[in-house]
Amino acid sequence: MNIRRVTRWVQIVVFCWFAVMGALSPAWGGETLARIKAMGMLRCGVSEGIPGFSEKDAAGNWKGFDVDFCRAVAAAALGDSKKVRFVPLRAAERFPALKGGLVDLLMRNTTWTLGREAGLKVKFPGILFYDGQGFMVPIDSPTADAKDLQGKTICLVKGTTHAENLADYFSARGWHYSQVQVDSYGDGLSQVLEGRCQALTGDVSALAAQHLGFPGAREKLRLLPDQISKEPLAPVVRGDDGEWVTLVRWVLFLLINAEENGITRDNVQQLVVDNPTPAVARSMDACRVFAKPMGIPPDWAVRVTAQVGNYGEIFDRNLGTKSPYDLERGLNRLWKQGGLLYAPPMR
Amino acid sequence: MSQEQIVITLIVFSVVILLIAMDWLDLAVAGLLGVSVLIGLGILNQEDILSGARTGGGALSLLFGGMVVARTLRSTGIFERFGDLFLKATRGSGRRFVLLLVVVVAPLCAFLPNAITVIMLAPIVIRVSKALEVDFVGPMVLTAILSNSAGLLTLAGDPATFLVGSACGMTFTAYLKKVSLGGLLALGAIVPLLPVLMRELWNIRQPLTVKTPPEPIRRPGFALASLIVLMLMVGTFIFGEFLPTPIVPPGAAIIAASLALLLIYCVRVEPVDRVIHDIDFKSLIFIACSLMLVEAVSKTGLLQSLSLKMVDWFGAELALVALILLAGVGLLSGILANIPVVAASLLMLKGYLVAAAVVPETALIDGFTDWPAASLPVFVAMMFGATLGGNATVIGASANVVAAGICSANGGSLTFTRFMRYGLPIVGTQLAVSALYVLGMFWIS
């Protein structure tokens with residue numbers, strides 16, 4: 001057999017190897033987590049600055065409700081809540097950034113909808129914040145409620161569900177309005193303060209936080225009582241990695257369960273490690289056992305709670321009583337307290 | 001991917017291109033080595049290889065099928081007959097030869113895959129070149145470039161054209177109305193360059209010697225059956241998707257290859273082993289490797305991050321973005337296989353249009369067709385860049401790689417540099433003409 005013939009057969013074998021290797025090999029799971037571990041960093045897409053949810057403080061550090069959830073996921077995945085790179089995104093940029101692989105987790109006041117999950121093929125691991133759409137108007141405006149906005153110009157943020165909600169609500173009542181699309185809540189507030197829009201519409205929580213955080217808003221603007229839509233805000237991940245969806249989902253459930261069991265940042269060592277009740281001990285066993293298939297450290301639940309706190313602590317610190325915004329928990333209370341927060345058991 | 005991995009990927013990719021460009025290493029070996037390094041360093045994993053196979057498996061099947069059918073036809077003596085007819089039509093004039101190539105290749109490639117056309121026409125081109133006593137490498141390059149360019153004439157002319165056209169919701173007829181003229185202009189832009197780029201061939205006049213009549217086709221039944229297989233393949237390319245069970249072109253090529261091999265086996269003209277042995281696996285391996293390399297480059301996220309950067313840099317200036325895409329994708333397509341480049345660029349373009357709030361987020365859904373008229377020229381610019389950019393280098397399009405393989409198998413040498421001598425001026429002119437066409441589309445819309 002001459003060299004030429006051998007070379008030819010080698011080429012054939014290599015070609016066949018390429019052709020069949022893909023078909024025979026099993027798909028790898030948990031690719032997102034593997035990449036995060038390789039980079040040693042979670043990339044979290046957040047807003048460019050929504051007070052209480054994601055904003056930079058004077059020292060340039062990110063803080064807020066969404067920011068803390070990113071930190072909780074980093075604590076679970078990498079064992080350290082500081083290993084997060086925050087990627088500020090405009091609303092219209094969030095899905096291209098997530099689908100393009102520029103962020104691993106999107107925490108940007110995103111409403112869970114059928115179209116987004118089925119059409120965009122992204123996954124919403126669970127509802128983090130129950131919100132609704134409301135309005136903010138100048139304090140001296142004669143507008144008492146949404147009905148008085150007929151014929152007025154309303155500002156809204158581009159690339160959000162707010163335009164559709166507004167159109168549905170107004171057209172169902174035969175009301176007319178005109179709209180101005182802006183890049184951010186900040187731009188919208190400026191437009192209202194300058195009189196180019198008679199109202200700004202958006203998530204009630206974000207409007208309330210802006211009301212206190214945006215310069216001049218507290219003195220010159222007020223919120224209307226109306227809430228025209230349901231806005232279940234949720235973390236978002238790409239739809240092609242079920243293991244990553246599971247991890248993010250159970251970090252959320254851990255935060256809720258921790259609050260339900262009274263486990264806080266300060267007492268987690270005592271209640272979970274030193275002197276756990278049988279129920280807590282069983283939950284911790286489950287966390288340890290299932291950490292391996294989830295690909296995360298066995299003490300992930302303790303680390304998350306110790307570094308970030310439970311759901312209630314995160315809420316209070318960023319939006320509630322311990323924040324400048326002092327927002328009501330409302331629907332975001334535990335189910336035992338009349339709210340909608342209900343997490344499956346960690347067994 | 002970490003910063004280090006991104007840097008390594010770009011270095012490996014650049015080294016592979018350099019090795020090929022400088023003719024320091026065989027292109028298939030260079031490609032395989034590059035892929036091996038990326039696998040060894042954990043940058044490419046099975047998921048990426050699967051993804052690469054999903055993107056490029058169709059193109060590889062198409063080429064394999066076309067090669068088998070062409071090789072079967074070679075055993076019939078039909079190519080010699082067609083070659084003689086073509087030679088007579090040239091009347092010994094190099095100029096007529098070149099112009100006839102344009103006239104024959106363009107309509108064929110409007111419907112047939114480019115590389116298949118190159119495979120089918122190669123024996124004829126080589127035969128005529130030898131009869132005119134000119135080097136066949138130049139005409140082979142021209143055949144590849146013409147076939148790539150003619151892929152813009154119809155929506156089905158090129159996989160890249162089809163990918164972009166269908167992504168922006170264009171029908172076959174809508175394409176004919178809005179884009180085909182641009183493809184025709186890009187194709188026409190080659191003709192004025194031919195007297196300069198192929199001066200020797202253009203000026204040659206060779207008296208055709210009276211030869212003995214060609215040998216009669218010894219097995220007319222086999223020849224007829226082979227032609228039926230070819231026609232079946234071509235017919236399925238064009239009408240396969242309208243069948244009750246739709247058959248896509250790669251499927252048609254595999255079916256035709258199976259029938260051709262069955263024919264060879266039954267008629268026993270020659271062993272099936274020898275036919276398989278003559279298939280240009282080296283080109284197929286290189287194309288497979290280039291798909292994996294593009295997968296790695298795409299995984300760096302650089303293209304995707306560009307979509308957001310473009311919003312910062314250019315806002316919603318669609319005409320400017322279209323021209324930049326035409327040039328940028330054209331450049332990229334010159335050194336990368338254009339199908340995965342188009343797949344990644346489409347993601348980037350859709351991301352840009354959503355991020356710039358030109359279209360709603362639902363535009364990211366597969367099958368979204370409600371694109372505003374103003375966005376169509378941007379898609380067309382990307383399509384022209386991807387299809388025409390491949391003309392620049394020997395590795396820019398599968399038809400070029402196949403042409404190089406055929407030249408090598410017939411004793412010619414088509415190097416990276418030699419291809420570029422023809423390719424670069426043609427691509428420059430074609431992209432300039434396309435830019436004017438795209439601007440015209442903006443002006444009309």
Side-chain angles (χ1 to χ4, degrees), chain A residues 4-5 7-29 31 34-35 38-41 43 87 89-103 110 113 115-116 118-122 157-161 163-164 181-183 240-241, chain B residues 1-5 28 32 35 42-43 45-54 57 60-61 64 276-282 284-285 288-289 291-292 298-301 303-308 311 344 347-348 350-368:
Chain A
R4 198 178 162 79
R5 201 172 165 79
T7 312
R8 175 59 72 177
W9 278 106
V10 168
Q11 287 174 0
I12 294 173
V13 169
V14 171
F15 171 72
C16 294
W17 175 80
F18 258 107
V20 300
M21 196 168 82
L24 295 180
S25 55
W28 275 18
E31 204 204 334
R35 188 172 50 238
M39 290 170 62
M41 192 71 73
R43 298 168 305 167
V87 182
L89 298 166
R90 285 186 285 266
E93 290 175 341
R94 60 188 152 176
F95 289 110
L98 179 68
K99 286 179 73 72
L102 301 181
V103 295
T110 306
T113 66
R116 284 172 173 169
L120 295 179
K121 295 191 169 55
V122 294
V157 180
K158 282 177 195 167
T160 62
T161 48
E164 288 171 9
Q181 298 214 351
V182 294
D183 282 328
D240 56 2
D241 188 349
Chain B
M1 205 181 265
S2 66
Q3 291 298 320
E4 292 78 18
Q5 287 178 317
L32 271 174
V35 170
I43 292 170
N45 59 31
Q46 280 151 306
E47 188 66 33
D48 305 319
I49 292 171
L50 270 176
S51 171
R54 271 196 298 273
L60 286 174
S61 308
F64 175 77
I276 297 277
H277 188 263
D278 285 348
I279 300 304
D280 184 9
F281 283 101
K282 198 175 88 170
L284 294 177
I285 288 171
C289 290
L291 293 170
M292 301 303 154
S298 172
K299 211 177 152 186
T300 61
L303 271 179
Q304 291 85 335
S305 61
L306 266 180
S307 67
L308 301 189
V311 179
L347 191 67
M348 178 183 77
K350 286 181 175 181
Y352 160 74
L353 291 171
V354 170
V358 175
V359 290
E361 69 192 27
T362 43
L364 295 174
I365 297 172
D366 292 336
F368 177 86

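Lettering of chains follows the sequences in order, A, B, ..., and the numbering in each one begins at 1. Source: prediction; values computed, not measured.
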(request) Could you have a look at A:Lys158, A:Arg90, A:Glu93, A:Gln181 and say which one has the most heavy-atom pairs with chain B under 4.5 angstrom? (result) A:Glu93

(request) Heavy atoms only, distances under 4.5 angstrom: which of A:Arg94, A:Arg116, A:Met41 has the most pairs with chain B? Name it, please. (result) A:Arg116

(message) Report which part of A:Leu120 has an atom under 4.5 Å of a heavy atom belonging to chain B: side chain, backbone, both, or neither.
(response) both

(request) Taking all heavy atoms of B:Leu60 and all of B:Ala288, pick out the closest pair and write down the distance. (result)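 In terms of heavy atoms, the two residues are closest at CD1-CB, 3.9 Å.
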
(message) For A:Val157 versus A:Ala91, what's the shortest heavy-atom pair and its separation?
(response)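 Minimum heavy-atom separation between A:Val157 and A:Ala91: CG1-CB, 4.0 Å.
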
(message) Less than 4.5 Å apart, side chain to side chain, heavy atoms only: is that true for A:Phe95 and A:Val122?
(response) yes

(request) Compare all side-chain heavy atoms of A:Asp240 with those of A:Lys121 and state whether any distance is below 4.5 angstrom. (result) no

